[in-house]
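Each ligand, and each atom within it, is numbered from 1 in the order the structure gives.
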Amino acid sequence: MPFPEFPPDFRWGVASAAYQVEGAVAEDGRAPSVWDTFCAEPGRVRGGDTGAVATDHYHRYREDVGLLRDLGVGAYRFSISWPRVMPDGVVNAKGLDFYDRLVDELCAAGIAPAATLFHWDTPQALEDAGGWLTRDITGHFADYAAVVGERLGDRVRLWMPLNEPMVVTMFGYALGNHAPGKTLGFEALPAVHHQLLGHGLAVQALRAAGCTGIGIASNHAPVWPASESEVDTEAARSYDTLVNWLFADPILRGRYPVEELAVAMPGPVVADLAVISTPLDFYGINYYQPALVGASTSDDAEVAGALLPPGLPFAPRPITGYPTTDFGWAVVPDGLRQTVQMFRDRYGDALPPLYITESGCSYHDPDPVDGRVPDADRIAYHDGHLRALAQAMAEGADVRGYFAWSATDNFEWAEGYRERFGLVHVDYASQVRTPKDSYHWYRDVIAGRAV
Ligand code: IFM
């Protein structure tokens, strides 16, 4: 099948996040984030890896933007490090200057800057005061958004206050395998409401600063019931409500998906929902793989081990019958089409234009030989997902762009450096960058030369 055609103004991009690439964690006034603290605790991150140096992007951003320019991307999604810019309510001028330089460099290369404001690196000082469990943090976040918006709003084309708030809630506050490492189970629900409120306030602060192109980057996936039985179908429905609609419904519909969740939230929920549902210019979907979910059984406690708290009405099951990445994630390109379709079905005309703000795969690529890194599986992944996206668009979806995760290999959170998602290989000892075969393939896609 020939490679599908995308509209001429379709935005081709790649994505990254501050803590995963920047390094320089104690430089130019950057204060610690929850991830610095988490990485310093023995046993938290595979191999004891940390983001202290990462890909040294803070110092090598010019080289990295050069790679993006040669790739031909129209947009680069990066995140701004909150603890670098506004660690304790006071602006750190040197931190903000870094993003000013990065944005200028991108613009000079003809690449539209797309900025995330919070990609999981809460300033440690704010976490010490309760973090996303407190209402106070939402005001800090709005102030930070205003500062960044005023400085960069003339050049940044797309804004995403939050990245994957469900992951922060689930892994950071409910299960504890991400920073800040809390194991609160359902007591983590305030982190949902406060991220949502922080999002809404940040959208308003960005708009007040004259910014346009404001959305979110939120992870979503189709939830498949493990069988046709009533209990599995019901379990899949509960899981779907939590992982797909707990954040999307308040933002796009101005209400929580079920009343039980609304009443469990802190604060003046109805008034907050009016802020949370401030209209967006786009909705960004991060897609990796579907979820197969069944009713939990007594075996699940053992299978899931420490990861899932007891008493949940559902349990994720392994997906079989599809290839998997080296990270063990199922490769299901049609899941992307299904995800887009489920948003269209649920929100209809209330759905703003979509971006795929992340999709990608980790393979344990070989080291470069003669300047080459063959990664046919990664090419197949993006090829398949772009074909599925083209199908969704042919079916009527308004999708404006695709950001491959990730530009370069980087720090994959609790998995450290073993997982490699990049189109560009990074040798962490020398910091040498080597474009993989997938980089050359994506360049051809962008140039309209893909076969
Ligand atoms: O690396 C992460 C990213 O920070 C958020 N989305 C998923 C990616 C792969 O796990």
Side-chain angles (χ1 to χ4, degrees), residues 13-23 33-36 38-39 44-46 49-51 54-55 57 76-82 114-122 160-172 175 177-180 195 199 215-221 243-244 247-248 283-291 307 316 324-332 335-336 339 355-365 375 377-378 381-382 385 402-426 428 438:
V14 285
S16 75
Y19 191 72
Q20 296 183 267
V21 298
E22 284 180 2
S33 79
V34 291
W35 271 95
D36 299 290
F38 192 74
C39 291
R44 290 297 207 176
V45 176
R46 177 186 287 275
D49 291 347
T50 79
T55 69
H57 174 73
Y76 175 51
R77 178 175 169 235
F78 59 98
S79 85
I80 293 173
S81 160
W82 189 359
T116 310
L117 294 181
F118 174 60
H119 198 125
W120 307 354
D121 48 354
T122 312
M160 288 139 285
L162 300 185
N163 177 75
E164 299 183 3
M166 176 41 79
V167 173
V168 173
T169 309
M170 189 128 83
F171 292 164
L175 305 178
N177 52 331
H178 275 193
Q195 284 183 90
H199 157 87
I216 187 171
S218 186
N219 54 307
H220 295 280
V243 302
N244 281 319
F247 286 92
Y283 193 96
I285 291 174
N286 295 359
Y287 168 78
Y288 288 89
Q289 60 171 339
L307 205 58
T324 52
T325 69
D326 287 347
F327 203 173
W329 295 1
V331 179
V332 187
L336 178 56
T339 304
Y355 277 87
I356 305 308
T357 34
E358 284 183 27
S359 190
C361 50
S362 167
Y363 289 102
H364 302 163
D365 307 306
D375 62 339
D377 287 335
R378 189 172 287 101
Y381 177 96
H382 286 292
H385 285 72
Y402 178 88
F403 290 81
W405 183 271
S406 179
T408 60
D409 292 334
N410 59 50
F411 176 74
E412 178 55 22
W413 308 111
E415 301 301 325
Y417 292 101
R418 190 174 77 148
E419 303 307 331
R420 291 181 177 270
F421 279 86
L423 301 182
V424 175
H425 178 276
V426 175
Y428 293 106
S438 56

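Listed by chain and residue number, Asp365, Asp375 satisfy the salt bridge (charged side-chain N to carboxylate O under 4.0 Å, His left out) test with Arg378 (two or more places apart in sequence, or in another chain). Listed by chain and residue number, Ala17, Ala18, Thr116, His119 satisfy the side-chain contact (heavy atoms from CB on, under 4.5 Å) test with Ser79 (two or more places apart in sequence, or in another chain). In this structure, the side-chain contact (heavy atoms from CB on, under 4.5 Å) partners of Ala248, at least two apart in sequence or on a different chain, are His220, Trp245, Tyr283, Phe343, Tyr347.
Ring geometry for Trp413 versus Trp120: interplanar angle of 30 to 60°, hence tilted.
Near ligand 1, residues Gln20, His119, Trp120, Asn163, Glu164, Tyr288, Trp329, Glu358, Trp405, Glu412, Trp413, Phe421 come within 4.0 angstrom through at least one heavy atom.
For the residue pair Asp326 and Ser362, no side-chain donor N or O sits within less than 3.5 Å of a side-chain acceptor on the partner.
Ionic pairing of Arg77 and Glu358 is present here: one or more N-O contacts between side-chain nitrogen and carboxylate oxygen are shorter than 4.0 angstrom.
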